[in-house]
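A short write-up of the structure that comes next.
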Amino acid sequence: MLVLIIMLLGLMLWLFFKFTWVMLKLCYVFCIGLPLALMLGMLGLVLCCTLILAPVGTALMRAAGRVIYPF
């Protein structure tokens, strides 16, 4: 009986930490990652219009993709 209680407690703690981690990932993606990626993408698009700064613009666009979901 004690083993069953310990197993259930462990399962509940594991689910709690798993759920918390998923919620933190969602908060990061929607509150930080998406706005930052939009700003980097727009700046990269503007820089791609110039001939000299086109490599910087493409690098910023790649960085915007990595900022959205770095996990």
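On a predicted model such as this, the values are computed, not experimentally measured, just so you know.
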Taking transitive links into account, so neighbours of neighbours count too, which hydrophobic residues share a cluster with Met12 at under 4.5 Å side-chain distance? none

Suppose the criterion is ring pair (Phe, Tyr, Trp, His ring centres under 6.0 Å): which pairs have a residue in residues 31-67, not counting sequence neighbours? none

Side-chain polar contacts of residues 46-62 - donor-acceptor pairs under 3.5 angstrom, sequence neighbours left out - could you list them?
unit_1: Thr50; atom_1: OG1; unit_2: Leu47; atom_2: O; d: 2.9
unit_1: Thr50; atom_1: OG1; unit_2: Leu53; atom_2: N; d: 3.4
unit_1: Thr58; atom_1: OG1; unit_2: Ala54; atom_2: O; d: 3.4
unit_1: Thr58; atom_1: OG1; unit_2: Pro55; atom_2: O; d: 2.9

Output side-chain donor-acceptor pairs under 3.5 Å for residues 15-41, partner residues at least two apart or in another chain, one line each.
unit_1: Thr20; atom_1: OG1; unit_2: Phe16; atom_2: O; d: 2.8
unit_1: Tyr28; atom_1: OH; unit_2: Val67; atom_2: O; d: 3.0

